[in-house]
Structure formats: C-alpha cells, structure tokens
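All remarks here apply to the structure that follows.
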Amino acid sequence: MKQMRQARKLVADSARVVALTGAGISAESGVPTFRGHGGLWRNYRPEELATIDAFERDPETVWEWYAWRRSFLGTCVPNDGHRALARFFLRRGLAGLVTQNVDGLHTRAAREEAGDGSPDAALPVEIHGAIARDRCNHCGARAEAEPLGDSLPRCADCGGLRRPDVVLFGEMLDPDVLARAQSMAERADLCLVIGTSAVVYPAAAIPLATLRAGGRIIEVNTEETGLSGAASVVLRGKAGEVLPELLS
Ligand code: NAD
Ligand code: ZN
C-alpha cells in the first residue's frame, strides 16, 4: 500500500528516529489497555485505583490490585511489535525508544533480541515507571519487588511504605526522565507514535517536540487519534503487524 511505501521511505531517509509507545503496543501481548474491558478488577476501574489519593486512603486495596497486575503481566510476552522496535534500535542506535507503558515488555524484547550483545540501544525510557519495581513512598529509594505478604512492604532505609515504581494519576512525572525523553524527541527528525492516543500532556509533548524542531510524525494505531492530523503518514493497523513491515 502507498502509505507503507511512504512510511518506509521516511524511516530510511531519517538520521535520528524516536518512537513513543502506549498501551496499544502491548494489546497484542494480552495486556489490556485501560479503556478495554479486560482491565477490570473486582469491578474497580483503573482510574479509581491507579491514583495517589487511592494509595494514601487505602494502600491495601491498591497494593492487591498491583499484585494482581504483576502476576497477570508475568504471563504476557513481547509481541512482534516490541521485537521489531528492539531490532530496529539495536541496529540504528541513534535517538531511541520512549514508552508510557509500565509493563516491561520493551525491556524484555531488547534483552531477547540483543542475545549476547548489549541491549542498551533498545532499552526504553519509561516515563511512567516500571510496575516490576518498588519505590519508597517516603524517601524514594528503589527496591526489587517482592511477592505481597501479610503486611505491606516497607522501605529498608527509612521504614516508609513501599509502592510500585509507577507514576499514579495525580502525580508529576520524574522531571529528569521527562527531560531526557523530550531532548531525544527534539533531536529526532522522525517520531513514530505507536498505540497511544498521545493527546494528553506530557506524552503529547514528545511528538510535538519533534514537529517543532522540523521533524515528521508517523502514526501507527488501529484508530484515529487527536494526533493523526499532525502525522505525515498514518498507518492504520495493529502494531504487531505494521511494525515488522515498517522497520525491516
Ligand atoms: P492510550 O491512550 O495509550 O490508548 C491506547 C491506544 O492504542 C488507542 O489509541 C488505541 O486505538 C490503540 N491501540 C489499541 N490496540 C492497538 C494495536 N494492536 N496496535 C496499535 N494501536 C492499538 O492508553 P490507555 O489504555 O487509555 O492508557 C492510559 C495510560 O495508562 C497510558 O499511559 C498507558 O500507557 C498506561 N497503560 C499502560 C499499560 C501497559 O503498561 N501495558 C496498560 C494500560 C495502560
Ligand atoms: Zn524510604
């Protein structure tokens, strides 16, 4: 199809490529997007549980939900979309991958595709954190996650309550991590926006930074989004099918 030819040419002609991914890229791995039905747990919506207010009011329930998500994610594996991106960045190096996802599937794909080599070029900047890690809600110290026991996990340094190392609704993103993602986008001449509606700040700021610096956008999404109009090429389809063809 014509769009695919145009998109492949844009990729080939670009020196620095950045990719921004969202929940849509993991949909084919069986990870529910928040808007899909599979995201429900005990009739709570994620928007009710993944908030700093909910954590401070009722950490037990929020922790149980995250423990459920962790065990569920343990059964999910990277799909052809994660793998195509990992191979692409291992090969191309320049610029890199930014994700809103907390599921760790890009990291797994990078390690698997790198084999005995270094996965670094394909490791994502995770602007919303990583669900597989803990962080102290008081002092910020990071720790490896442990299975949830009878009492909630506490920080080894200060005794504060630990939490999953993700950005909850109602919280700011880590400014250093966001600045890193933004500077990658500014230096890129092409931004691939994959499986994300990317209309809400600060995720939206990433493709817009590439645009403002004179670069282009390619969108990969099953549906139209608020960003489609700003894209030079729109590839309508599943990330796991589109990306291997786009990036091979
Ligand atoms: P979102 O706004 O990122 O929307 C998902 C997008 O993916 C939609 O635009 C949809 O059209 C598209 N999509 C669905 N299936 C696709 C496919 N197979 N290929 C390409 N595109 C596809 O996400 P949301 O689900 O509303 O989540 C909001 C926030 O929560 C985001 O930060 C998101 O990353 C995070 N979240 C993360 C995970 C995860 O870590 N896997 C899961 C759920 C939500
Ligand atoms: Zn602490």
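Every value quoted in this text rests on a predicted model; they were computed, and no experiment measured them. Counting starts at 1 for both ligands and their atoms, in listed order.
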Ligand 1 to Ala27, heavy atom cutoff 4.0 Å, flagged ligand atoms 15 (N)
Please confirm whether Ser29 comes under 4.0 Å of ligand 1, counting heavy atoms of the residue only. no
Residue pair Ala50 / Tyr66: nearest heavy atoms and the distance that separates them: CB-OH, 3.6 Å
Find out if a path of hydrophobic residues (ILVMFWY) with successive side-chain heavy-atom gaps under 4.5 Å connects Val234 to Ile25. no
The single option from Val98, Leu85, Thr196 that satisfies side chain to side chain contact (heavy atoms under 4.5 Å, CB included) with Thr21 is Leu85
Look at atom 37 (C) of ligand 1 and find which of Thr99, Asn101, Val31 reaches it with the closest heavy atom. Asn101
Compute the shortest N/O to N/O distance between Val102 and ligand 1 and return yes if it is under 3.5 Å, no if not. yes
Between Val17 and Leu90, is there a shared hydrophobic cluster once you connect ILVMFWY residues whose side-chain heavy atoms come closer than 4.5 Å? no
Would you say Arg154's side chain and Gly159's backbone share a donor-acceptor pair under 3.5 angstrom? yes
Walk me through whether Ile52 and Arg163 qualify under side chain to side chain contact (heavy atoms under 4.5 Å, CB included). CA-CA 10 Å; Ile52 186 62; Arg163 52 174 280 180; 4.0 Å; yes
Heavy-atom contact under 4.0 Å between Pro32 and ligand 1? yes
Going by heavy-atom distance to atom 19 (N) of ligand 1, choose the closest among Ala239, Gly240, Ala130. Ala239
Select one of side chain, backbone, both or neither to describe which atoms of Thr196 lie under 4.0 Å from any atom of ligand 1, heavy atoms only. both
Per-atom contacts of ligand 1 with Lys238, taking only distances under 4.0 Å to non-hydrogen atoms: 18 (N), 19 (N)
What do we get for Ala203 next to ligand 1 when only non-hydrogen atoms under 4.0 Å count, side chain, backbone, both or neither? neither
Mind checking whether Ile194 and Phe88 sit in one hydrophobic cluster, side chains of I, L, V, M, F, W, Y counted as touching below 4.5 Å? yes
Establish whether Val77 and Leu73 are linked, either directly or via other cluster members, by ILVMFWY side-chain heavy-atom contacts under 4.5 Å. no
Which residue from Val193, Val167, Leu105, Asn221 reaches closest to atom 12 (C) of ligand 1 through any of its heavy atoms? Asn221
Which N, O or S atoms belonging to the protein are less than 2.8 Å from the Zn ion (ligand 2)? Cys136 SG, Cys139 SG, Cys155 SG, Cys158 SG
Could you tell me if the side chain of Arg70 sits less than 4.5 Å from the side chain of Leu148, heavy atoms only? no
When clusters are formed by joining ILVMFWY residues with side-chain heavy atoms under 4.5 Å apart, either directly or through shared neighbours, do Leu211 and Leu190 land in the same one? no
Relative to the heavy atoms of Gly237, which atoms of ligand 1 are at a distance of less than 4.0 Å? 19 (N), 20 (C)
For ligand 1, which atoms, with element, lie under 4.0 Å from some heavy atom of His128? 32 (O)
N/O separation below 3.5 Å, Ser197 to ligand 1: yes
Is the contact between Glu28 and ligand 1 made by the side chain, the backbone, both, or neither, using heavy atoms and a 4.0 Å cut-off? side chain
As a quick check of understanding, evaluate side chain to side chain contact (heavy atoms under 4.5 Å, CB included) for Asp80 and Leu243, giving each step before the final call. CA-CA 8 Å; Asp80 289 345; Leu243 291 176; over 6 Å; no
Apply side chain to side chain contact (heavy atoms under 4.5 Å, CB included) to residues Thr222 and Arg236 and explain how you reach the verdict. CA-CA 5 Å; Thr222 47; Arg236 277 283 158 269; over 6 Å; no
Salt-bridge present (Asp13, Lys9; N to O < 4.0 Å): yes
